[in-house]
Amino acid sequence: MSQGSATRYPLVLVPGMLGFVRLVLYPYWFGIISALRRGGATVFAVQVSPLNSSEVRGEQLLARIEEILRETGAEKVNLIGHSQGSLTARYAAAKRPDRVASVTSVAGPNHGSELADYLEKHYPEDSFRGRVLSVLLRWVGALMSLLETGYRGPKLPVDIPASHQALTSKGVALFNQRYPQGLPETWGGQGPEVVNGVRYYSWSGTLQPGKTDRGGNLFDGTNRSCRLFARTFVRETGHCDGMVGRYSSHLGTVIGDEYPLDHFDIVNQSLGLVGKGADPVRLFVEHAARLKAAGV
C-alpha cells in the first residue's frame, strides 16, 4: 500500500455551514476520506454546529482536537476546512497554535462571501423575507440533524443570525482583525505560509455563469444552484464558485484558485458527479503528500 498520504499528524476535516459527517449513508467528504486512508493517512471528519458563528464552532473544534490527540497520542493535527470550516479551523489555530500543525482552506470565505452580503441586503433579519429564510434554514438544519448518522455527540447549539453574519464581508473583516494569521497583505495575493509555527494553505474553484460551466454536470443539481448564486457577485463576477470569490478564498500559500469546481464539487459532493477533467479527490491526496513532505 502506498504511504503517500501518511502525514506525521492526523488530518481533521471540518465542514462548512450546514455541514455534517454523514447523512444516512451519504458522507460530506464523498470518496475523500477513503482515498486518504488508502494512502496511509489517519483521518477524522468532525461535526461542529451547522449554523453558528465561526468562534462558537471553533471552540467546539478545539474540544474535538483534544479528544483526537488523546485518542491517537499525536501532538498536533492538520486541519482542512471547507467553506466556513476554514474560518473555524483558523480560529482553532489562532487560539492553540501548539495543537495545530497546519490549516488548509478549501473554498473558504476568508474575506467574506458576496452571496452572504446579498442576502443581508435583500433579506434583512427583521424583514418578512428574512424571517422566512431563517425558518427555512432552521427546518433544513432540523431535518439534517434527524438524518445525521455520523455524529453521536450532544446536541449542538444553533444561531442562524450569527451564522449568517459570520460569512458576510463585514463579519469576516471583524474576524480577520482578531485572527489575521495566514491572510494576504494585498487583495489577490498570497499570505505567509508559516505563522506561529502553523502552516497555511488554500485552494478553490471557479465557474462562469451564463456559459458552459467547466465544472458542471447534467446530473449535478448543486452546480445549477451555484450558477444561480453566482449572479449575486459584483466584485468577483465570473470569478467565483457560486458562494465564494476566487480572491476571497486566498489564505497562506495558494495552491490553486481556478479549479473547474463549484462550491460543492470541490469536496466531491453530489456523489462525485463533477465535470469532465475535474478531480477534487486528487487535490486532497496530493495535499496530504505536500503536508507529509513539509514534515507535518
Side-chain angles (χ1 to χ4, degrees), residues 12-21 23 28 45-65 79 81-96 100 103 105-146 148 151 153-183 229 232-233 242-245 248-249 251 263-264 267:
V12 177
L13 308 184
V14 188
M17 180 182 182
L18 289 174
F20 51 90
V21 175
L23 293 181
Y28 186 96
V46 300
Q47 179 69 59
V48 292
S49 288
L51 292 163
N52 218 313
S53 70
S54 298
E55 289 89 346
V56 168
R57 288 161 52 96
E59 287 294 328
Q60 296 166 357
L61 176 58
L62 283 171
R64 189 68 182 95
I65 288 171
L79 300 176
H82 171 237
S83 194
Q84 191 185 5
S86 67
L87 302 177
T88 307
R90 287 175 51 197
Y91 174 90
K95 288 292 187 178
R96 292 301 304 268
V100 179
V103 170
S105 168
V106 179
N110 293 303
H111 297 274
S113 167
E114 290 192 60
L115 173 60
D117 293 342
Y118 177 88
L119 293 175
E120 181 181 45
K121 180 179 179 180
H122 296 278
Y123 294 80
E125 181 184 349
D126 58 353
S127 70
F128 174 75
R129 290 196 294 180
R131 287 191 290 270
V132 169
L133 178 60
S134 179
V135 169
L136 287 175
L137 286 173
R138 192 171 296 278
W139 283 352
V140 170
L143 177 61
M144 293 176 69
S145 294
L146 289 174
E148 171 65 76
Y151 173 72
K155 185 176 181 180
L156 297 168
V158 169
D159 188 331
I160 293 175
S163 175
H164 180 209
Q165 285 301 314
L167 300 176
T168 63
S169 298
K170 186 187 302 181
V172 177
L174 291 173
F175 180 89
N176 287 345
Q177 289 177 14
R178 302 184 186 107
Y179 316 108
Q181 293 86 347
L183 291 172
F229 295 153
T232 67
F233 281 68
M243 292 189 172
V244 174
S248 181
S249 72
L251 183 77
H263 194 71
F264 299 98
V267 289

Peer 1: Checking Arg96 now: which residues fulfil salt bridge (Lys or Arg N to Asp or Glu O under 4.0 Å) with it, not counting sequence neighbours?
Peer 2: Asp98
Peer 1: Evaluate side chain to side chain contact (heavy atoms under 4.5 Å, CB included) for Leu13 paired with Val267, printing each intermediate quantity in order.
Peer 2: CA-CA 11 Å; Leu13 308 184; Val267 289; over 6 Å; no
Peer 1: Roughly how far, to the nearest 0.5 Å, is the CG atom of Asn110 from the OG atom of Ser86?
Peer 2: 4.5 Å
Peer 1: What is the distance from atom OG of Ser169 to atom CD of Glu114, rounded to the nearest 0.5 Å?
Peer 2: 6.5 Å
Peer 1: Looking at Arg131 and Asp126, would you say the former's side chain and the latter's main chain have a donor-acceptor pair under 3.5 Å?
Peer 2: yes
Peer 1: Among side-chain atoms of Gln60 and Gln47, is any donor-acceptor pair under 3.5 angstrom?
Peer 2: no
Peer 1: For the pair Ser134 (side chain) and Gly130 (backbone), establish whether a donor and an acceptor sit closer than 3.5 Å, ignoring hydrogens and angles.
Peer 2: no
Peer 1: Show your working on side chain to side chain contact (heavy atoms under 4.5 Å, CB included) between His111 and Leu183 and close with a plain yes or no.
Peer 2: CA-CA 9 Å; His111 297 274; Leu183 291 172; 4.1 Å; yes
Peer 1: Would you check if the distance from the ring center of Tyr28 to the ring center of His82 is below 6.0 Å?
Peer 2: yes
Peer 1: Among side-chain atoms of Gln84 and Ser54, is any donor-acceptor pair under 3.5 angstrom?
Peer 2: yes
Peer 1: State which residues pass side-chain contact (heavy atoms from CB on, under 4.5 Å) with Val140; sequence neighbours excluded, sorted by chain then number.
Peer 2: Leu18, Met144
Peer 1: Before giving the answer on side chain to side chain contact (heavy atoms under 4.5 Å, CB included), spell out for Leu79 and Ile65 the whole-Å C-alpha distance, their side-chain angles and the decisive distance to 0.1 Å.
Peer 2: CA-CA 9 Å; Leu79 300 176; Ile65 288 171; 4.0 Å; yes
Peer 1: When rounded to the nearest 0.5 angstrom, what distance separates OH in Tyr179 from CG in Leu87?
Peer 2: 11.5 Å
